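Okay, structure first, notes after.
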Amino acid sequence: SVVYAVLAFLIGLPLQYLHEFAHEHAYGLSNQSLGKWAGNTAIQLAVSLIITGLVMWIPYLLLKRSPKRWWLWSIFALAPILLFIIVALPVWVDPLMNKFEPLPDKQLEAAITAQATRSGIGDATILERDASTDSKRLGAYVNGLGPSKRIVLYDTLVNKLDQQEILFVVGHETKHYLMNDVWKLFGLILAILVIGLWATDRISRWAIGRWHARFGFTALADPASQPLLTLCVAMVFTLAGPEFNWISRDIEHEADRYGLEITQDNHAAASAFVKLQEEGLGVPDPGTFQRIFRLDHPALADRIRFANEYHPWDEGKPLVYADQIKPK
C-alpha cells in the first residue's frame with residue numbers, strides 16, 4: 001500500500017506542481033518559494049503515507065474475515081480514524097507548515113472576543129496565521145475542541161479587510177463551529193462511504209469476473225486489487241460529488257445568514273465577498289455545470305446578492321438564529 005501510494009504521488013506530482021505552484025504564481029496568487037512548496041509537499045506525502053499505513057490494511061483484513069460484508073464493517077473500523085484526522089490535523093499538522101501567533105491588533109481582538117462571547121465561545125484563543133508567506137488568498141476558520149478551541153485569521157485577511165468585514169467572516173466561521181457543521185459533513189462522508197464501498201464491492205467483483213486474466217488476480221482480497229479498488233472508489237465519489245456539493249452549499253449559505261444576523265451589517269458582508277473575489281480571482285457568476293460539479297460554496301454573485309437583500313432586523317421579522325446569538 002505504501003509503495004502504491006508513493007507511485008501514485010510521483011505520477012500526480014507534475015499536475016500537483018502546475019495546480020499548486022505554477023498556476024498560482026502565473027495569476028499572482030502566491031508568494032510561496034519553490035523550496036517552501038517542496039517542503040510542504042514532502043510533509044503532505046509523509047502524512048499521507050502514515051494515514052495509508054493506518055488505513056489500507058483494514059479493508060483487506062475484513063475482506064478475508066467477511067468477504068460479503070467487508071464494506072459495512074470497514075465503516076465501523078474507518079470512522080474513528082477519520083474522526084482522529086479531522087480533530088488532529090488542524091492542531092498538530094497545520095503548525096508544521098504554518099506559523100501561528102497571537103493577533104497583533106488588540107482592538108480587533110477585543111471586537112472579535114466580544115462577538116464570540118455573544119456566540120458562546122468567548123473563551124476561544126484568537127490567532128493569526130502567517131498565510132502571506134505562501135499565498136495572497138484570504139481565509140479564516142474556527143476549530144478545536146474544549147481548551148483547544150481557536151479562531152484563526154489569515155494575516156492576508158487582516159491586512160485586506162476592515163474590522164466590520166472581518167467580524168462578518170468570523171461570524172460565518174463561528175456558525176460552522178456552533179452548529180457542528182464539521183460533524184454533519186463527517187456524517188455525510190460516512191453515509192457516502194457506506195454506499196461507495198458497497199458499490200465498489202459490486203463493481204470490483206464484476207470487473208474481476210470479466211477481466212481477471214488481464215488483472216492477474218482472481219479475488220478482491222488479493223492486495224494486487226488496490227488500484228482497482230481505488231479506481232472504483234474514485235468513480236463512486238465523483239458521482240456523489242454533486243450531492244455533496246449541494247449539501248455543502250446549503251450549509252455555507254446558512255453560515256452567511258448567521259454572519260449577517262450577528263453583525264447586522266449588510267454592507268460589510270457584501271464588501272467582504274467582493275474583496276474575496278478580487279483576491280481569489282474566482283468566477284463570480286459561473287455556469288450551471290460549474291455550480292453543480294465544482295462549487296461547494298454558493299457562487300459569489302449569489303452571496304453578494306443575499307448579503308444586500310437579507311435584513312429582517314430592519315423589517316421587524318424574527319431572526320433564524322436568534323436563540324444562538326446573545327444580545328449586545
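Treat the numbers as computed from the prediction; the structure is a model and nothing was measured.
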Under 3.5 Å, is there a donor on one side chain and an acceptor on the other for Gln226 and Tyr60? no
Parallel, tilted or perpendicular: rings of [Y] and [X] (30°, 60°):
{"X": "Phe76", "Y": "Trp73", "value": "tilted"}
{"X": "Trp183", "Y": "Phe186", "value": "perpendicular"}
{"X": "Phe21", "Y": "Trp37", "value": "tilted"}

So, [X] side chain and [Y] main chain: donor-acceptor pair closer than 3.5 Å or not?
{"X": "Asp296", "Y": "Asn245", "result": "no"}
{"X": "Tyr177", "Y": "Ile151", "result": "no"}
{"X": "Asn308", "Y": "Ile304", "result": "yes"}
{"X": "Arg257", "Y": "Tyr310", "result": "no"}
{"X": "Gln290", "Y": "Gly287", "result": "no"}
{"X": "Ser248", "Y": "Phe244", "result": "no"}
{"X": "Arg249", "Y": "Leu295", "result": "yes"}
{"X": "Asp130", "Y": "Lys99", "result": "no"}
{"X": "Ser48", "Y": "Gln44", "result": "no"}

Identify whether the distance between the nearest side-chain nitrogen and carboxylate oxygen of Glu278 and Lys275 falls below 4.0 Å.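 No, no charged N to carboxylate O under 4.0 Å.
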Pair Lys184 + Asp250, salt bridge at N-O below 4.0 Å: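 No, Lys184 and Asp250 are not salt-bridged.
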Rounded to the nearest 0.5 Å, how far apart are [atom1] of [X] and [atom2] of [Y]?
{"X": "Asp201", "Y": "Leu72", "atom1": "CG", "atom2": "CG", "answer": "11.0 Å"}
{"X": "Leu220", "Y": "Leu228", "atom1": "CG", "atom2": "CG", "answer": "7.0 Å"}
{"X": "Asp134", "Y": "Ser33", "atom1": "CG", "atom2": "OG", "answer": "8.0 Å"}

Please check if the number of heavy atoms outside Arg294 that lie under 6.0 Å from its CZ is greater than 12.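 Counting other residues, nucleotides and ligands, CZ of Arg294 stays at 12 neighbours or fewer.
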Is it true that atom NZ of Lys64 has more than 12 heavy atoms of other residues, nucleotides or ligands lying nearer than 6.0 Å? no
Mind jotting down which residue pairs meet the ring pair (Phe, Tyr, Trp, His ring centres under 6.0 Å) criterion with at least one end in residues 155-175? Sequence neighbours excluded, please. Phe168-Phe273, His172-His176
Check for me whether the distance between the ring centres of Trp206 and Trp211 falls short of 6.0 Å.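 Yes, they do, as the ring centres are separated by less than 6.0 Å.
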Glu24 vs Arg137, test: salt bridge (Lys or Arg N to Asp or Glu O under 4.0 Å). Steps then yes/no. CA-CA 10 Å; Glu24 292 288 300; Arg137 296 181 183 273; 2.9 Å; yes
